[in-house]
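In this chain, residues are counted from 1 in sequence order.
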Amino acid sequence: MTTATFSQHRDIPLTSGRAKTMEANILEIDRLTVAFDGFKALNDLSLSIAQNELRVIIGPNGAGKTTFLDVLCGKTRPSSGQVIFKGQELTRLAEHQIVHAGVARKFQTPSTYEDLTVLENFEISLPQGRGVFGSLLFRRNKEVMDRVMVIATQVFLQDALHTKAGVLSHGQKQWLEIGMLLIQDPELLLLDEPVAGMSPREREQTAELLMAIAPGKSIVVIEHDMEFVKRIARTVTVMHQGTVLCSGSLAEVQNNTRVIEVYLGA
Ligand code: ADP
Ligand code: MG
């Protein structure tokens with residue numbers, strides 16, 4: 001335990017951003033631009049995410065947050081700029097290759113298989129050919145079931161394994177989809193407005209869920225709900241007009257005059 005803690009601290013110095021080595025950053029985004037018919041949805045955006053960091057991104061509607069995740073998961077090709085994930089350039093890879101590399105992305109609306117049970121939804125999400133579970137697809141042996149139960153419990157669906165996804169609440173569907181990503185054991189998890197449409201209690205539970213998985217993963221969460229952001233935030237990045245306005249603690253960004261102007265103007 002002591003050794004693990006020590007090595008973690010050695011790899012990611014807690015002192016200052018400058019002391020962080022390149023190896024500590026799982027994601028390096030360099031001058032990313034996305035133009036739609038001349039309109040720059042992303043405009044020279046640069047940002048880095050450290051290994052096992054949980055980063056919250058906020059920003060007014062139209063700031064380019066969703067477009068940013070679209071580029072990270074290969075759905076949208078940038079006009080220029082680089083996305084380096086663990087030393088590998090992502091912007092030339094196909095979506096399935098990016099998933100294979102260890103990046104999982106949750107879209108704003110849940111996309112589960114409504115006619116299948118929770119258990120079946122988990123089963124079809126087991127990674128194919130990636131990690132030890134790949135070859136076990138659809139085989140309900142003990143190892144697979146143990147893994148499914150761990151994830152189901154993490155996303156509060158352990159008692160709903162045989163329920164059809166279509167009859168779950170909106171919040172439960174969101175959790176199911178997060179679970180379907182977690183079962184692939186991604187190194188980088190991208191979540192676009194995960195608590196939108198959730199009840200206050202479900203929002204609290206989602207914050208607990210993220211805090212539980214955060215220590216072993218890099219996570220980028222886009223979210224508007226400031227109560228939720230307050231529960232999970234360490235470093236917050238504010239996006240505006242396709243680029244980074246500022247990054248810092250929640251208190252720092254909330255007191256930033258440019259951030260206040262942008263939100264008052266919006
Ligand atoms: P956010 O998620 O921060 O609200 P988006 O990334 O969805 O912002 O959108 C950023 C801007 O890019 C918006 O002005 C939006 O209208 C525009 N946009 C997004 N996708 C497309 C597209 N496929 N074609 C044209 N414009 C787009
Ligand atoms: Mg969006």
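At distances below 3.5 Å, not a single donor-acceptor pair connects side-chain atoms of Ser46 with backbone N or O atoms of Asp30. A distance-only check finds a donor-acceptor pair linking the side chain of Arg203 to the backbone of Met198 [under 3.5 Å]. For the pair Lys217 (side chain) and Pro186 (backbone), a donor-acceptor distance under 3.5 Å is present. Between the side chain of Lys65 and the main chain of Ile57, no donor-acceptor pair closer than 3.5 Å is present. For the pair Asn25 (side chain) and Glu28 (backbone), a donor-acceptor distance under 3.5 Å is absent. With hydrogens and angles disregarded, no donor-acceptor distance shorter than 3.5 Å links the side chain of Thr67 to the backbone of Ala41. Panel note: side chain Arg147, backbone Ile183; a donor-acceptor pair is recorded below 3.5 Å.
Across all non-hydrogen atoms, the minimal contact from Ala101 to Lys86 is O-NZ, 4.3 Å. Here the closest non-hydrogen pair linking Leu116 and Ile124 is CD1-CD1, 4.1 Å. Scanning both residues, Ala196 and Glu223, for their nearest heavy atoms gives N-OE1, 4.2 Å. Closest of all the heavy-atom pairs between Val34 and Pro78 is CG2-CA, 3.8 Å. Considering every non-hydrogen atom in both Val253 and Cys246, the closest pair reads CG1-SG, 3.8 Å. Across all non-hydrogen atoms, the minimal contact from Leu93 to Gln88 is CD1-NE2, 3.7 Å.
If you take CD1 on Ile219 and CG on Leu54, they are separated by 4.5 Å, rounding to the nearest 0.5 Å. Distance CG/Asn255 to CG/Leu250: 9.0 Å, rounded to 0.5 Å. Taking CD from Gln154 and CD1 from Ile213, the interatomic distance works out to 6.5 Å, rounded to the nearest 0.5 Å. In this structure, the separation between CG on Leu190 and NZ on Lys106 is 12.0 Å, given to the nearest 0.5 Å. In this structure, Ser247 OG and Arg55 CZ are separated by 5.0 Å, a value rounded to the nearest 0.5 Å. With rounding to the nearest 0.5 Å, the separation of CD1 in Ile49 from CG in Leu188 is 8.0 Å.
Follow the hydrophobic side-chain contacts under 4.5 Å out from Val150 and you never reach Phe122; the two are in separate clusters. The hydrophobic cluster containing Phe36 also contains Phe68, counting ILVMFWY residues as joined when their side-chain heavy atoms lie under 4.5 angstrom apart, directly or transitively. Cluster annotation: Val229 is connected to Tyr263 through the hydrophobic network of ILVMFWY side chains, with a link wherever side-chain heavy atoms come within less than 4.5 Å.
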**Item:** From CA spacing to verdict: salt bridge (Lys or Arg N to Asp or Glu O under 4.0 Å), Arg258, Glu261
**Value:** CA-CA 5 Å; Arg258 288 166 70 208; Glu261 279 167 18; over 6 Å; no

**Request:** For Glu120 and Lys164, run side-chain contact (heavy atoms from CB on, under 4.5 Å): C-alpha distance rounded to whole Å, both residues' side-chain angles, the deciding distance at 0.1 Å, then the answer.
**Result:** CA-CA 9 Å; Glu120 288 163 342; Lys164 289 244 165 87; 5.6 Å; no

**Request:** Evaluate the criterion side-chain contact (heavy atoms from CB on, under 4.5 Å) for residue pair Val238 and Asn256; output intermediate values, then yes/no.
**Result:** CA-CA 10 Å; Val238 184; Asn256 181 299; over 6 Å; no

**Message:** Pair Leu47, Leu32 - check side-chain contact (heavy atoms from CB on, under 4.5 Å), show working.
**Reply:** CA-CA 9 Å; Leu47 182 68; Leu32 202 59; over 6 Å; no

**Message:** Could you walk me through whether Phe156 and Glu202 satisfy the side-chain contact (heavy atoms from CB on, under 4.5 Å) test, starting with their C-alpha distance in whole Å, then the side-chain angles of each, then the deciding distance to 0.1 Å, before giving a yes or no?
**Reply:** CA-CA 10 Å; Phe156 319 110; Glu202 287 173 334; over 6 Å; no

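Using a 3.5 Å distance cut-off with no hydrogens or angles, the side chains of Glu177 and Ser111 do pair a donor with an acceptor. Side chains of Gln241 and Thr243: no donor on one and acceptor on the other come within 3.5 Å. Checking Gln172 against Thr163 by side-chain atom types alone, no donor-acceptor pair falls below 3.5 Å.
Contact check for Thr237 versus Val220: no side-chain heavy atoms found under the 4.5 Å cut-off. Under the 4.5 Å side-chain criterion, counting only non-hydrogen atoms from C-beta, Arg31 is not in contact with Gln82. Using a 4.5 Å heavy-atom threshold, the side chains of Met180 and Val155 count as separate. For the pair Ile232 and Met211, the minimum side-chain heavy-atom distance is below 4.5 Å. Taking 4.5 Å as the limit, every side-chain heavy atom of Thr117 sits out of range of all side-chain heavy atoms of Leu161. With a 4.5 Å cut-off on side-chain heavy atoms, Thr112 and Leu168 do not count as touching. Counting only heavy atoms from C-beta outward, the side chains of Phe85 and Glu187 approach each other to under 4.5 Å. Counting only heavy atoms from C-beta outward, the side chains of Glu89 and Ile84 approach each other to under 4.5 Å.
Just one residue in the list Asp70, Thr33, Val71 forms a side chain to side chain contact (heavy atoms under 4.5 Å, CB included) with Leu42, and that residue is Val71. The only member of Gln254, Met239, Met226 that meets side chain to side chain contact (heavy atoms under 4.5 Å, CB included) when paired with Ile58 is Met226.
Using a 4.0 Å cut-off between charged side-chain N and carboxylate O, Lys230 and Glu227 make a salt bridge. In this structure, Arg231 does not pair ionically with Glu208, as no charged nitrogen and carboxylate oxygen lie closer than 4.0 Å.
Other residues, nucleotides and ligands contribute at most 12 non-hydrogen atoms within 6.0 Å of the CG atom of Asp115. The 12-atom threshold is not exceeded at OH of Tyr113, counting heavy atoms of other residues, nucleotides or ligands nearer than 6.0 Å. Around atom CZ of Arg201, more than 12 heavy atoms belonging to other residues, nucleotides or ligands sit under 6.0 Å away.
For Arg77, the side chain to side chain donor-acceptor pair (under 3.5 Å) test picks out no residue, with sequence neighbours left out.
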